[in-house]
Amino acid sequence: MASLSISDDRLTVTLDWWEKIVARRSHLTIPLRSITSVTCVENTRAALGRGKRTSATNIPRLTYAGTMNRDIDDRVLAICHRHSAGIMIELKDATYSAIFLSTPNAKEYAAKLESLTSH
């Protein structure tokens, strides 16, 4: 399962080997200054909603991993497994406008990110 590494100035999304294959991308590093909000969600797939898949793998009721366009200039990276809880990270001035990530550690990640990004 994907994980987050959080330092004083950056967030790194680390994907498992099989997530790299289905998402068609490798790890992602983002400066913390690009984070505008962090939200824990009960169902990452439902929170993601619908959009136009641009480069994603969708295995119904199992996984959705890759890039989606929710709207023009609104690219999202999603690593959503089943209907599990996770984290939604909204971004500005970054490769993606948001990251949706299924993780059992969502609350811990959110608390740490909020403490580092609150002004």
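All values below were derived from every heavy atom in this structure, side-chain atoms included, with hydrogens, water molecules and symmetry-related copies excluded.
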All N/O donor-acceptor pairs, side-chain side in residues 107-114, below 3.5 Å, sequence neighbours left out:
residue: Tyr109; atom: OH; partner: Leu4; partner atom: N; Å: 3.3

Handout entry: From CA spacing to verdict: side chain to side chain contact (heavy atoms under 4.5 Å, CB included), Leu11, Ile35
Key = CA-CA 9 Å; Leu11 164 69; Ile35 297 174; 4.1 Å; yes

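In terms of heavy-atom proximity, Gly66 sits nearest to Ile79 at N-CD1, 4.4 Å. Looking at every heavy atom in both residues, Ile87 comes nearest to Ala106 through CD1-O, 3.9 Å. Across every non-hydrogen atom of Leu15 and Ser26, the tightest pair is CD1-O, 3.7 Å. Closest approach of Arg45 and Arg82 over heavy atoms only: CB-O, 4.0 Å.
In this structure, the side-chain hydrogen bond (donor to acceptor under 3.5 Å, both in side chains) partners of Ser102, at least two apart in sequence or on a different chain, are Thr44, Ser84. Thr39 is linked by a side-chain hydrogen bond (donor to acceptor under 3.5 Å, both in side chains) to nothing, counting only residues two or more places apart in sequence or in another chain. Taking the side-chain hydrogen bond (donor to acceptor under 3.5 Å, both in side chains) definition, one finds that Ser115 meets it with nothing, sequence neighbours left out. Legend: residues meeting side-chain hydrogen bond (donor to acceptor under 3.5 Å, both in side chains) with Asp9, ordered by chain and number and at least two apart, are Ser7. For Glu90, the salt bridge (charged side-chain N to carboxylate O under 4.0 Å, His left out) partners at least two apart in sequence or on another chain are Arg70. Residues satisfying the side-chain contact (heavy atoms from CB on, under 4.5 Å) criterion with Arg24, sequence neighbours excluded, are Ser55, Thr57.
Note on residues 71-108: pairs passing ring pair (Phe, Tyr, Trp, His ring centres under 6.0 Å), not counting sequence neighbours, are Trp18-His81.
A donor-acceptor distance shorter than 3.5 angstrom exists from the side chain of Thr63 to the backbone of Cys80, with no hydrogens or angles considered. Under a 3.5 Å cut-off, the side chain of Glu42 and the backbone N or O of Ala85 do not form any donor-acceptor pair.
Looking only at side-chain heavy atoms (C-beta outward), Ile99 and Leu28 come within less than 4.5 Å of each other. For the pair Arg10 and Pro31, the minimum side-chain heavy-atom distance is 4.5 Å or more. In this structure, Val76 and Ser97 have side chains that are in contact, with non-hydrogen atoms separated by less than 4.5 Å. For the pair Val38/Met88, no side-chain contact is recorded, criterion being any heavy-atom separation below 4.5 Å from C-beta on. Contact annotation: the side chain of Asp8 never approaches that of Leu32 to less than 4.5 Å [non-hydrogen atoms, C-beta and beyond].
Between Ile6 atom CD1 and Ile30 atom CD1 the span is 11.5 Å, to the nearest 0.5 Å.
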